[in-house]
Every structure is written in C-alpha cells, then in structure tokens.
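A quick write-up on the structure given underneath.
Along the sequence shown, residues carry numbers from 1.
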Amino acid sequence: MIKEALEEAASALKEVSATARLDAELLLCKVTGQSRTGLIAAHYDYLSDASLSNYRELVARRRSFQPIAYLTGSKEFFGLEFIVNPAVLVPRPETELLVDAALREIDKRTGSIGILDLGTGSGCIAVSLAAELLKRRRAFQMTAIDRDPDALEVAKLNARRHGVDDLIEFRRSDWFSEIPGGARFDVILSNPPYVKRDAQDLSPELQFEPDGALYAEDGGLSCIEELISKLDIYLGEGGFFCCEIGQGQSQAVTEIITSRLSGSSLFESGTLLDLAGIERVVYVRLLKRVDLNKIG
Ligand code: GLN
C-alpha cells in the first residue's frame, strides 16, 4: 500500500534527512507520476511490484545522500520548476535573492536593459529573471554563460520550458573570456563557486554536485575576485553587479571591491541578508567611472 511504502521510506530516511517524510513523498511522486495530494488520496491503493522496487531503489540512493532534486530531476526556484541533473548545482532558495535584487534594480530604470549571468548552471537565475521581465513587458538583452557545455544544455532546456529561449543568448565562456571587450552591461549577476576547498562540516550532499560549481581557491574567494576585477571593463556607468557569497565572506569581498574599484570608479556597495540572517549577496552600483589621467 502507498501509505505503508511512504511510512517505510520516511523512517529509512530519518537519519539522513531533516525532511524525511517530504523526501519520501517526492520520490513516490516521481515513481507514480502523481502529485503529493494525489498520493494522499491514493493512500490505500497498492503499488505494483515494479513501482515498489523502483521506489526502494530511489530511497536507497537518497539514503546515500544523493540530493533529492537529482533523484526527481527537478527543483522549484522562484516559482518555476527547473530541470536539474548532476551537471548543475541544485538551485538554492537563497539564490532567489539575486533575482529579487535584479528586479528591484531594473524596476527603477527605463528602457532596454543589458543583463549578463555568469556561471548560469541550470539557468535558474537567467530564466526566472527573463520570465519575470517578460511578464512585466520589459525590454532586455540577456546573455548567460557557463564554461561547462553540459550545464549549458540544461540551461537551454529550462529556457525552452519556460518560454524564454529566444530571449537569452547562451554562450560557452570561462567567466568573461568570450565576452567582447567593448560590451558593457547594466546588470551583471552571478552565483559563482565560493566554497573553500578544504572546508570542514560540509553537507554530504555536496559530494554529488559539480565540483566546478562549488569550490574556489583562496579560501573560496578566487572566482568572486576574478569577477570583481573585471567590473570596471564590463559594467556600464550606473550598472549593478550582484553576486552570491558564502557565509563569513562579506568582509573579505568588500575589501576586494574597495581595492579593485576605488582607483577607477565611484561606486557604492553593500550586502543583502538571506532568510537565515546571513550576508549572502554582495552588490556594487557603479556610479561613475573616473579617468585617472584627468586627475591632478
Ligand atoms: N550555497 C552552496 C552551498 O550549499 C554553494 C553554492 C556556491 O558555491 N555557489 O554551500
């Protein structure tokens, strides 16, 4: 019976997941093709032997800490369902902060907006932002890059799924490597890798996610620094850069911003808190470029 299968799975998952019952339900939805409410209505139905064995296999994989999103193949982000597989990081709820911040910024502006998403992964940031801008009838040009072709394939599928594939140019690029030097963007967004390589106490689920999307050198700061070091080239005057950072990195990132930008620009920067009260996003508004040749 469905009810018994769920109970068995929830108890098997208790020690590995804080959301054991939910995980059990999501995996059974995957196997049966039913919604969660559909499953409750079918509590006393029987599962076929094949379904039961599929289900037990998924539960066993979950017990070995495989992320639920890889097992179901999908994850909700900003109200949309995203296809995910192990080529891409599982979208996290805190990353929605970047989309919110970009929308607030874009709402203050008029005209067409040039947007760049660096390290797009599943495409969750680019696609959800494009879908929102489309709803608001805003004009924009969006480029989303990733250096991993497999990730780009997933991002393209997600763009098609949400009807924005014609509105985003996906390009293979290692950060700015394939972005022409003269290009200047109004909004640059990124959720780069920022986990310190030898960090302790990492969630065991991370071992299943792509290393290249998680880990960075220099205590997790190398990619963030790489992005900030190019802002004076790629961010237009009045432009907005918004980047996810790791817990405890805000001071170091703020120092990087000051040292990289204060020679060439007038700017303001700050951080945004996630729901857990952690400084999770850093932003820079480039107010004015300063031509050093013209000073004294
Ligand atoms: N937020 C992820 C975590 O769970 C890391 C994602 C990233 O490095 N961008 O640690």
Problem set entry | Approximate separation, where rounding is to 0.5 Å, of Ile168 CD1 and Gln141 CD | 13.0 Å
Exercise. With Leu97, which of Leu275, Asn191, Leu273, Val281 fulfils side-chain contact (heavy atoms from CB on, under 4.5 Å)?
Worked result: Val281
Exercise. Do Ser173 and Glu178 meet the criterion of a side-chain donor-acceptor pair at a distance under 3.5 Å?
Worked result: no
Problem set entry | Check: Asp23/Ser17 side-chain N/O donor and acceptor closer than 3.5 Å | yes
For this session: Any chance you could measure Glu279, atom CD, to Thr271, atom OG1, to the nearest 0.5 Å?
Result: 3.5 Å
Problem set entry | side chain to side chain donor-acceptor pair (under 3.5 Å) between Ser35 and Thr37, intermediate numbers included | CA-CA 5 Å; Ser35 65; Thr37 40; 3.3 Å; yes
Exercise. Salt bridge or not for Arg197 and Glu217, using N-O below 4.0 Å?
Worked result: yes
Exercise. To the nearest 0.5 Å, how far apart are CZ in Phe241 and OG in Ser190?
Worked result: 6.5 Å
For this session: Tell me, with the steps shown, if Glu94 and Glu244 meet side-chain contact (heavy atoms from CB on, under 4.5 Å).
Result: CA-CA 9 Å; Glu94 55 270 27; Glu244 188 168 317; 4.2 Å; yes
Problem set entry | Salt-bridge criterion met for Lys3 and Glu8 (N-O under 4.0 Å) | no
Exercise. When rounded to the nearest 0.5 angstrom, what is the spacing between OG in Ser51 and CG in Leu28?
Worked result: 8.0 Å
Exercise. What's the spacing between Trp175 CH2 and Asp146 CG if we round to 0.5 Å?
Worked result: 7.5 Å
Exercise. Can you say whether the rings of Phe77 and Phe82 are parallel (under 30°), tilted (30 to 60°) or perpendicular (over 60°)?
Worked result: perpendicular
Problem set entry | Spacing of CG belonging to Leu272 relative to CD1 belonging to Ile245, to within rounding of 0.5 Å | 9.5 Å
Exercise. Is the gap between the ring centers of Tyr234 and Phe176 under 6.0 Å?
Worked result: yes
